[in-house]
Each structure stands twice: as C-alpha cells, then as structure tokens.
Amino acid sequence: MKQTPNANPSPSYRHRVYAVVRQIPPGKVATYGQVAGLVGGCTARMVGYALSSLPDGSDVPWQRVINSQGRISPHGYGLGSLLQRQLLLAEGVALDLTGRIDLSIFGWLAAAR
DNA sequence: CGGCTGACTCTGG
DNA sequence: TCCAGAGCCAGCC
C-alpha cells in the first residue's frame with residue numbers, strides 16, 4: 001500500500017504525526033521539526049505534544065524523534081529521556097557522552113545545519 | 001466556553 | 001557552552 005504521508009486524511013492531527021514517525025527506519029533519528037515538515041502545516045511543538053499524548057501500546061517509534069539539537073528532551077519526570085536513550089542505543093544510534101546524536105550520520109533526513 | 005499545560009525552536013547575552 | 005524569554009497550537013479539565 002502506498003504511503004501518502006502528508007496527503008493522508010487522518011481523524012486527528014496526532015495520528016498524522018504517528019504515520020510520519022512510523023516511517024522512520026531503524027538506526028535513524030528524526031527531529032521534531034523534520035516530522036513537522038513532513039506532516040505539513042504544523043510546528044515542532046505539535047509533534048512533541050502529539051507524542052506526549054501517545055497512546056499505550058502504539059507501534060510508533062517515538063524514541064527516534066528528538067529535538068533539533070540532536071538531543072533528547074527531559075520529558076516525563078526525566079525517566080522517559082533515559083528510556084529513550086537506551087532504546088536508541090539498542091537501535092544502533094551512537095550517543096555522545098553529552099547525550100548528543102550526530103544528525104549528519106544518524107539523522108533520517110540528515111538535517112545538519 | 002474559558003483557562004492551563006506541554007517530549008519545541010529561535011535569538012540574544 | 002549554558003541560561004533566559006517569546007511565539008506557537010492542540011488537547012484536556
């Protein structure tokens with residue numbers, strides 16, 4: 001089936017974000033801004049809020065979504081960020097000692113400024 | 001219907 | 001490199 005990311009009428013804005021995030025290949029990471037751009041007509045914040053409202057048991061690799069700085073935001077009492085880091089390492093994504101990811105290498109669209 | 005919160009991003013110091 | 005403030009929209013109480 002053809003995936004029409006931004007041309008797919010979703011019941012909710014969040015579902016549309018999930019569709020894009022779900023297209024992120026393993027071992028790669030995308031920024032909120034990138035996802036927002038793919039979704040179209042939305043800001044990076046909307047993506048973050050959508051993921052924050054992520055339903056339980058969803059197949060959305062939210063862990064592959066990070067901020068523009070290539071870093072993990074301190075979400076969920078700080079426990080979620082730790083979990084995300086572990087998941088990324090398990091995916092093969094190398095994290096810097098400071099917790100930074102090289103978007104020019106692991107970035108899905110390699111949006112290195 | 002009104003108000004608050006939130007996994008962001010940018011610019012300046 | 002780190003800190004602070006402002007702009008933004010959607011969802012929930």
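Per chain, numbering begins at 1; letters A, B, ... match sequence-line order.
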Residue pairs passing the salt bridge (Lys or Arg N to Asp or Glu O under 4.0 Å) test where at least one lies in residues 79-94 of chain A, sequence neighbours excluded: R64(A)-E91(A)
Whole-Å distance separating the CH2 atom of W62(A) from the P atom of dA7(B): 12 Å
Check: P55(A) main-chain N/O paired with S58(A) side-chain donor or acceptor under 3.5 Å: yes
Main-chain N/O of L83(A) paired to Q63(A) side chain as donor or acceptor, under 3.5 Å: no
Minimum-distance pair of heavy atoms, taken over all atoms of V21(A) and P61(A): O-CG, 3.4 Å
Side-chain donor or acceptor of R14(A) paired with backbone N/O of Y49(A) under 3.5 Å: no
Residue pairs, two or more places apart or on separate chains, that pass salt bridge (Lys or Arg N to Asp or Glu O under 4.0 Å) and touch residues 28-43 of chain A: none
Residues in ring pair (Phe, Tyr, Trp, His ring centres under 6.0 Å) contact with Y18(A), at least two apart in sequence or another chain: H15(A)
Covered region of DNA chain C, 5' end to 3' end, by chain A [heavy atoms, under 4.0 Å]: dT1(C) to dC12(C)
Full working for side chain to side chain contact (heavy atoms under 4.5 Å, CB included) between V17(A) and V60(A): CA-CA 9 Å; V17(A) 175; V60(A) 182; over 6 Å; no
Assigned partner base of dC9(C), Watson-Crick or wobble definition, under 3.5 Å: dG6(B)
Those residues of residues 70-81 of chain A lying under 4.0 Å from DNA chain B by at least one heavy atom: S73(A), H75(A)
Upstream residue (5' side of DNA chain C) when S53(A) and T43(A) are each assigned their closest nucleotide: T43(A)
Sub-3.5 Å pairs of nitrogen or oxygen atoms, protein against nucleotides 1-6 of chain B:
| residue | atom | partner | partner atom | Å |
| --- | --- | --- | --- | --- |
| dG6(B) | N3 | Y49(A) | OH | 3.2 |

Trace of the side chain to side chain contact (heavy atoms under 4.5 Å, CB included) decision for V29(A) with V65(A): CA-CA 6 Å; V29(A) 295; V65(A) 185; over 6 Å; no
Separation of atom CG in L87(A) from atom P in dA7(B), rounded to whole Å: 18 Å
Atom CD of Q86(A): over 12 foreign heavy atoms under 6.0 Å: yes
